[in-house]
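This report concerns only the one structure given below.
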Protein chains: 2
Amino acid sequence: MANLKDVAEYVGMSVSTVSRVLNDKAYVDPSTRRIVLAAVEELGYRPNALARSLKIGRTYTIALLIPDIQNLYLTMIVRGVEDAARQEGLTVILCNTDENTDIEAEYINVLRDRWVDGFVISSISKKSDSIRRLKNEGYPMVLTVRYYDYLSGIDTVAVDNFNAAYQAVKYLYELGHRQIGLVLGDIGLNVYKDRFAGYREALRDFDLPLNERIIIKNAVDGSEALIHDVEMMVNQPTDCPDAIFATSDLKAISVMHALHKNGKQIPEDISVMGFDDIPLSSLVHPTLTTMKQPLYEIGQLSVQKLISQIEAKATNGQHIHSIELLPTEIISRQSTRRRSERL
Amino acid sequence: MANLKDVAEYVGMSVSTVSRVLNDKAYVDPSTRRIVLAAVEELGYRPNALARSLKIGRTYTIALLIPDIQNLYLTMIVRGVEDAARQEGLTVILCNTDENTDIEAEYINVLRDRWVDGFVISSISKKSDSIRRLKNEGYPMVLTVRYYDYLSGIDTVAVDNFNAAYQAVKYLYELGHRQIGLVLGDIGLNVYKDRFAGYREALRDFDLPLNERIIIKNAVDGSEALIHDVEMMVNQPTDCPDAIFATSDLKAISVMHALHKNGKQIPEDISVMGFDDIPLSSLVHPTLTTMKQPLYEIGQLSVQKLISQIEAKATNGQHIHSIELLPTEIISRQSTRRRSERL
DNA sequence: TTGAAAGCGCTAACAT
DNA sequence: ATGTTAGCGCTTTCAA
């Protein structure tokens with residue numbers, strides 16, 4: 001591969017001149033410029049990004065760490081991040097941590113060594129050491145969707161999960177449901193902890209008892225165990241829920257699967273409500289009522305915050321720390337319905 | 001951030017010594033080694049991967065280009081690629097081309113400039129210029145799942161789509177179906193072209209007529225148009241299929257959605273069969289019979305081929321070009337059933 | 001066993 | 001308007 005020096009020799013000029021036309025920073029004579037560009041074309045010259053980055057201290061690359069690409073809700077964030085990044089001339093490196101702290105740490109180390117300009121992270125439950133270190137080094141980073149406590153001091157873009165869950169339960173309550181079951185994800189994650197709190201608060205406000213027998217905790221998307229748990233729950237002689245609020249659409253789909261398997265009609269026997277609004281939600285049977293998160297927008301905004309940090313760092317300017325909570329929205333579909341008669 | 005020189009000064013040795021202990025290539029005195037490692041620890045030294053790569057000409061990074069992460073079947077490949085890569089000490093850069101040639105070209109350029117060691121590509125229909133150029137430069141690369149014609153000379157890992165489609169149709173035929181509809185993806189892709197050919201060949205062998213009225217071409221996963229087309233197809237007075245073979249599970253899910261919407265029972269009225277075996281297939285209602293592709297294994301094998309190329313290039317050794325077609329397998333579930341009576 | 005120094009390819013300050 | 005040169009942080013040959 002041709003390098004700058006090759007091009008310079010080819011046209012009989014110095015490397016700095018060639019560099020100048022390529023970066024068009026300083027002024028160069030139009031005719032010189034033409035000659036150089038022709039040579040660049042001719043030799044098929046491509047700049048070496050490694051050398052350039054080493055010199056200027058920036059890579060124009062950001063890393064996006066996500067827990068699991070299989071999770072459809074994340075793909076929408078990825079799109080938001082990629083689109084926003086591309087628009088700003090940044091390349092996105094996508095990394096799948098598989099919900100594993102070691103893998104996460106490894107990616108963070110490797111990418112920091114490679115000088116990515118910043119990180120957008122959707123992480124594991126606890127604030128890991130690698131993330132803490134990153135933060136302490138002042139490395140640009142933003143947390144997306146999943147977050148730590150508000151005191152972490154890390155820029156965050158997410159939704160108000162407490163309120164979203166509260167509104168979901170309220171919605172089911174107003175439909176006439178009084179036995180509202182809950183399918184919760186890993187409560188080690190603040191996301192689920194907050195949704196749980198919102199659920200409890202709603203029950204309290206509507207004078208509904210908190211019934212542990214219609215609550216499934218630590219459900220894993222798509223797992224056999226989850227299906228089993230749901231079957232157990234709906235086959236209880238007493239305490240069978242008349243509605244189930246699943247804290248992700250994928251969990252809701254498993255719930256529906258379990259209900260079908262046990263001859264329960266949705267929504268006639270039991271209403272089901274999800275969370276996220278993944279594209280699949282409007283395709284399953286029956287279509288799924290859900291609490292929509294503006295995932296694409298979350299991705300975009302995350303990048304904007306990150307860029308703001310990167311710029312601030314580069315210019316020694318100011319960046320205002322913030323936690324942004326975007327609005328959620330109920331999408332009504334077929335899996336929920338008004339309950340007229342009382343059981 | 002501390003660099004090699006800092007460490008060297010800290011312990012009063014030369015950078016080369018420090019470098020040596022860090023790479024443990026050459027022999028260094030055990031006591032020296034200990035001192036250096038302590039200093040490294042103390043200063044929190046992290047090597048600069050950019051500088052290192054610039055020097056040695058390798059980045060230990062490979063790029064994985066996929067058309068669309070939303071496509072669930074791809075996530076399994078991603079996993080296969082990542083796992084295999086990690087095992088070999090390589091980092092994977094995941095890029096989403098969004099089925100867009102320009103984005104694909106841009107990623108290829110950016111990553112080549114950044115000296116990734118090789119590419120695993122699941123690409124767009126036509127062989128793009130950027131890929132051709134990559135190939136001509138002798139850049140290590142392998143095509144995965146999607147492929148060009150066998151003459152392209154590029155290593156490929158996929159399945160025998162012709163045969164897989166043939167077997168799927170045969171399966172439906174043996175179940176007693178005689179009006180087997182087809183939902184095909186973009187026929188610009190060899191994958192679908194081959195599946196179409198397999199379908200036709202099977203019809204011919206079983207003396208079934210090729211009926212364009214029960215074939216939907218260029219279906220887009222999850223699109224409204226697809227649902228509409230399926231509705232049209234099954235509401236035809238004559239020519240209503242008694243089975244539908246969808247060339248991806250996602251398409252099959254749309255098909256099921258359309259059938260539900262039109263009051264058709266699955267599999268009582270119409271059997272539905274998919275392709276891929278994404279995790280969701282066993283969760284939808286009814287669960288989906290499908291032609292399974294060994295996606296995880298395809299991902300793993302792709303990396304192995306790529307590494308073989310990278311090694312060959314580094315050592316001027318031999319790499320044997322190959323096209324690997326992994327076996328597919330029918331997974332029987334609830335969406336298909338034996339048709340006893342004739343219509 | 002360790003050190004000095006060249007050089008990977010580029011940018012930018014300084015010089016002309 | 002263009003050339004010279006130092007240096008980003010590392011590896012590696014050559015010398016000692």
Side-chain angles (χ1 to χ4, degrees), chain A residues 1-37 39-40 43-61 109-117 313-315, chain B residues 1-37 39-40 43-61 109-117 313-315:
Chain A
M1 275 287 284
N3 62 22
L4 259 199
K5 190 148 151 270
D6 296 330
V7 178
E9 283 170 0
Y10 190 77
V11 296
M13 296 178 204
S14 76
V15 288
S16 43
T17 303
V18 178
S19 171
R20 273 190 274 259
V21 344
L22 258 24
N23 295 296
D24 55 26
K25 289 275 192 182
Y27 188 83
V28 281
D29 190 286
S31 72
T32 320
R33 148 174 254 97
R34 230 175 303 113
I35 294 172
V36 170
L37 289 175
V40 163
L43 299 178
Y45 168 77
R46 298 250 72 207
N48 181 326
L50 256 32
R52 176 158 204 276
S53 292
L54 179 59
K55 182 66 191 173
I56 65 176
R58 282 195 62 173
T59 54
Y60 293 96
T61 303
N109 284 334
V110 167
L111 293 169
R112 188 224 266 121
D113 293 352
R114 223 157 273 177
W115 288 15
V116 297
D117 294 343
K313 194 177 171 193
T315 63
Chain B
M1 275 287 282
N3 61 22
L4 259 199
K5 190 148 151 272
D6 296 331
V7 179
E9 283 169 1
Y10 190 78
V11 297
M13 294 177 206
S14 74
V15 289
S16 37
T17 303
V18 178
S19 173
R20 272 190 275 259
V21 345
L22 258 24
N23 295 295
D24 55 26
K25 288 279 192 181
Y27 188 84
V28 281
D29 191 285
S31 73
T32 318
R33 146 176 257 95
R34 230 175 302 114
I35 295 171
V36 169
L37 289 176
V40 163
L43 299 177
Y45 168 78
R46 299 250 71 208
N48 181 325
L50 255 33
R52 177 156 205 275
S53 291
L54 179 60
K55 183 67 193 173
I56 66 177
R58 283 195 61 173
T59 54
Y60 294 95
T61 302
N109 284 334
V110 167
L111 294 169
R112 189 226 264 117
D113 293 351
R114 222 156 276 177
W115 288 16
V116 298
D117 293 343
K313 195 178 171 192
T315 64

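Both backbone and side-chain heavy atoms feed into the values below; hydrogens, waters and symmetry mates do not. Source: prediction; values computed, not measured. Chain A is the first sequence line, chain B the second, and so forth, proteins listed ahead of strands; every chain is numbered from 1.
Within 4.0 Å of Ser53(B), counting heavy atoms only, lies no atom of the nucleic acid at all.
Here the closest non-hydrogen pair linking Asp117(B) and Thr59(B) is OD1-N, 3.0 Å. Scanning both residues, Ala39(A) and Val11(A), for their nearest heavy atoms gives CB-CG1, 3.3 Å. Closest approach of Tyr45(B) and Pro47(B) over heavy atoms only: OH-CA, 3.2 Å. Smallest separation of non-hydrogen atoms from Leu54(B) and Trp115(B): O-CZ3, 4.1 Å.
In this model, a donor atom of one side chain and an acceptor atom of the other lie less than 3.5 Å apart for Thr17(B) and Ser14(B).
Within the 4.5 Å cutoff, side-chain heavy atoms of Asp24(B) are placed close to those of Arg33(B).
A residue-by-residue look at Ala26(B) and Ala51(A) shows that Ala26(B) has its nearest nucleotide of DNA chain C further toward the 5' end.
If you measure from atom CG of Asp24(B) to atom P of dT11(D), you get 12 Å, rounded to the nearest angstrom. Rounding to whole angstrom units, CG of residue Asn48(A) and P of dG9(C) are separated by 7 Å. Atom CG in Leu4(A) sits about 16 Å away from atom P in dT2(D), given to the nearest Å. The separation between Tyr27(A) atom OH and dT16(C) atom P is 24 Å, rounded to whole Å. Remark: C1' of dC8(C) and CG of Asp6(A) are 13 Å apart, rounded to the nearest angstrom. Between the P atom of dT1(C) and the CZ atom of Arg34(B) lies a distance of 15 Å, rounded to the nearest Å. If you take OH of Tyr45(B) and P of dG9(D), they are 10 Å apart, rounded to a whole angstrom. As a whole-Å value, the separation of Lys5(B) NZ from dG3(C) P is 15 Å.
Look at Arg52(A) and Asp113(B) and you find no salt bridge, because none of the NZ, NE, NH1 or NH2 atoms lies under 4.0 Å from a carboxylate O.
Residue Asn3(A) has a polar side-chain atom (N or O) positioned under 4.0 Å from OP1 or OP2 of dG9(C).
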What nitrogen or oxygen pairs link the protein and nucleotides 12-16 of chain D at under 3.5 Å?
none

